[in-house]
**Q** 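For reference, the structure I am asking about is given below.
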Number of protein chains: 2
Amino acid sequence: MEPTDTAVPVHGDARRGMGRVTMQQVAAEAGVSVSTVSKVINDRYGVASETSRVVTEVIERLGYEASLVARSLRNRRTNVIGVLVADFEPFSTEVLKGAADAIRGTGYELVAYSAGGRVDAHVGWERRYLSRVMGTLVDGAVLVTPTITEVQYEGPIVAVDPHTGPSDLPTVTADNLGGARLGVDHLIALGHRRIGMVTGRPDLVSAQLREQGYRDSHAAAGIPVDEQLLAAGAFEPEPARAAARSLLELADPPTAIFAANDLSALATLEAAAELDIDVPGRLSVVGFDNIPESALAHPPLTTVQQPIRQMGREAISMLVTLITGDHVVEEVHVSLDTTLVVRRSTAAPGGAS
Amino acid sequence: MEPTDTAVPVHGDARRGMGRVTMQQVAAEAGVSVSTVSKVINDRYGVASETSRVVTEVIERLGYEASLVARSLRNRRTNVIGVLVADFEPFSTEVLKGAADAIRGTGYELVAYSAGGRVDAHVGWERRYLSRVMGTLVDGAVLVTPTITEVQYEGPIVAVDPHTGPSDLPTVTADNLGGARLGVDHLIALGHRRIGMVTGRPDLVSAQLREQGYRDSHAAAGIPVDEQLLAAGAFEPEPARAAARSLLELADPPTAIFAANDLSALATLEAAAELDIDVPGRLSVVGFDNIPESALAHPPLTTVQQPIRQMGREAISMLVTLITGDHVVEEVHVSLDTTLVVRRSTAAPGGAS
DNA sequence: CTGTTAGCGCTTTCAG
DNA sequence: CTGAAAGCGCTAACAG
């Protein structure tokens, strides 16, 4: 057959409007073989300088660039690092920004991949994504908030804020327990005694730790926990809103609510608004994450900050070390500190300023 | 090298710790040929239900998932849409969030690609990226803030906020001229008469339009423009900071500064802080973009909002239409409205409240 | 119903 | 110094 023919004239800028230029076309146009073109591109020895010049000129003229896919399939190394996310939402995009910061100067490129909330994007997406891209498209991967860490997969992988228990994977997390304590202690210091909590997904350790922090703070302050004041929010806006509502409609409602993440806190703010409850006048709200959106809320949200971008940076640098394998990564599990960001959604109970 | 051998026995869960599972291994394990496996995976007709069952079981057990790369290379359609960005920064990640919103339910997956500030990532990155991925990895692409739109490339491509003049590419932009007028009119309405501007990259139309809006607002208000009050910021933090400083150190400094984008406005805020100039007491600052970070600034930034996420959504929906080709895209150039978001960085001149 | 074969675009021996 | 050929993992004819 004669597929990558010279039937279509490719001289001059006649290629305007054509599809991708392949190496075949470059070769044909330059009057050499594809392997020669490949050698020129990859700076291999054994190409006459004149040939090289001609080929380079054709490449330039046709705007040729090697297909990432074809190259990846052939080569073991791709010089591309993958960031695998369940969805592009505030948390994962912050991680991405951090990853981009850290990738500079390493010579790697970054590909972020998401099945984007496809129906089948349930627990276990990370394993499928990994299989799809590892070893072919990317040299290593950062898993953002994976729900399982049992990837039993050999290769350079780092998990950021994994939602499940400890694993063999190197991980980067924030101090969930300490962060929750920071948030609830703040509320207690303000004078709150009936503090509700919109919890996260019960199957995720991060959620469990945040709840544990809530309990620890109460214990430390000698305040008994009223189990009625815990409502399941699942880290998602809708369940969280319902949970907040149920708490606020209690006969003896809480004067403050600690939400397991900012998305839940934002939903709590909405629920309060619907019920015409002033925040922070009659209700204080504390979130967790400090996603950029939390500062835009009304009122701006007091929240526990995770250094998300730094987590992304950390993950990339661990990953690059793993890939290049210069030396062993010392700390397999990195935990970064959380801090409290006090904004306008918290105040002393009873409307006292 | 003989990496993907069958030398390593693959029965049972012996694969723990191995690299990617390939179709070969699945086939071997199931005792069938690769084409049969392929047929099972792609639901092709002509496979005995028993065979299908066995193969499915093996796939499950081995955790096999087809390589995106190999599949892409073979197929014309990949069901993946690419978002090509120069870097993952606030603007592009907002677009990404919008793209993710819009991708849901379309059956497409999303891949975001960035060379991540590599040294050679100068003007023209979009052409190279496009060549790398179009036609192989992705079915279509969204170009975020490309510096050239002369891609002369056949295929489904949509540009978001292109920095250069009109092109044949479908584009999604915000109303830069109107937005700039909004921002500067606000300053003028507040009583400012000496308004400086930290301009953007002179080669980009978006920057030119914002400067034009600045001039138009002055003209409309009958205020002459003092050319001394325009300083080049290039859309980048460092140059912008220097530009702001030079403005503020003028013998007769401006009482307000309009920055060509939020990054520049944030840098202006920093410059003011360094010079111990109170904002908004002695200086008002208006930005452009309304990236999430602008609300976190001190003081929170008054800025012209571009509906960035919506731009991402719009781009994806245009692209999907282009790809499926059901019907022609009616509006090739979509321009979305900008709005003014007044926060705390602007006030009347002279410290008057 | 199943396996064999021929590539997708590229890199890499290995002959010429 | 250059090109022919093999093959990365997969799919799509086409035989058996």
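In the text below, chain A, chain B and the rest are named by the order of the sequence lines, each starting its count at 1.
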**Q** Expressed as a whole number of angstroms, how long is the span from I59(B):CD1 to dC10(D):C1'?
**A** 13 Å
**Q** Take atom CE of M23(B) and atom P of dG3(C), then tell me their distance rounded to the nearest Å.
**A** 12 Å
**Q** Nearest whole angstrom, please: distance from the P of dA12(D) to the CZ of R76(B).
**A** 13 Å
**Q** Using side chain to side chain contact (heavy atoms under 4.5 Å, CB included) as the criterion, list what pairs up with V69(A), not counting sequence neighbours.
**A** S67(A), V69(B), S72(B), L73(B), T136(B), L137(B)
**Q** Rounding to a whole Å, what distance do you find between L137(A):CG and dG9(C):P?
**A** 17 Å
**Q** Starting at CZ of R77(B) and ending at P of dC8(C), how long is that distance when rounded to a whole Å?
**A** 20 Å
**Q** Given atom CD of E65(B) and atom C1' of dG9(D), what is their separation to the nearest angstrom?
**A** 14 Å
**Q** Tell me, please, which residues at least two apart from V80(A) pass side chain to side chain contact (heavy atoms under 4.5 Å, CB included).
**A** L68(A), T78(A), E109(A), V111(A), V138(A)
**Q** Whether R44(A) contacts dT12(C) is assessed here as follows: a side-chain N or O lying under 4.0 Å from the phosphate OP1 or OP2. Is that the case?
**A** yes
**Q** Whole angstrom is fine here: how far is it from CG in L73(A) over to C1' in dC8(D)?
**A** 4 Å
**Q** State which residues pass salt bridge (Lys or Arg N to Asp or Glu O under 4.0 Å) with K97(A); sequence neighbours excluded, sorted by chain then number.
**A** E94(A), E293(B)
**Q** Find every protein N or O atom lying less than 3.5 Å from an N or O atom of nucleotides 1-5 of chain D, and list the pairs.
**A**
from   : atom 1 : to     : atom 2 : distance (Å)
dT2(D) : OP1    : T51(A) : OG1    : 2.5
dT2(D) : OP2    : A48(A) : N      : 2.7
dT2(D) : OP2    : T51(A) : OG1    : 3.4
dG3(D) : OP2    : S33(A) : N      : 3.1
dG3(D) : OP2    : S33(A) : OG     : 3.3
dG3(D) : OP2    : T36(A) : OG1    : 2.8
dG3(D) : N7     : S35(A) : OG     : 3.1
dG3(D) : N7     : K39(A) : NZ     : 3.4
dG3(D) : O6     : K39(A) : NZ     : 2.5
dA4(D) : N6     : S35(A) : OG     : 3.3

**Q** Between T56(B) and S52(B) (side chain of the first, backbone of the second, donor and acceptor by atom type, cut-off under 3.5 Å), is there such a pair?
**A** yes
**Q** Just call it for S67(B): base, sugar-phosphate, or nothing, with non-hydrogen atoms closer than 4.0 Å on any strand.
**A** sugar-phosphate
**Q** Relative to the 5' end of DNA chain C, which residue comes earlier, N75(B) or N42(A), by the nucleotide with the nearest heavy atom?
**A** N75(B)
**Q** Please tell me whether T36(B) and S33(B) have a donor and an acceptor in their side chains that are separated by less than 3.5 angstrom.
**A** yes
**Q** Among all residues two or more places apart in sequence or in another chain, which pass the salt bridge (Lys or Arg N to Asp or Glu O under 4.0 Å) test with E50(B)?
**A** R53(B)
**Q** Between Q24(B) (CD) and dC8(D) (C1'), how many Å, whole number?
**A** 10 Å
**Q** Could you list the residues that satisfy side chain to side chain contact (heavy atoms under 4.5 Å, CB included) with V144(B), not counting sequence neighbours?
**A** V83(B), V85(B), F91(B), S92(B), V95(B), V142(B)
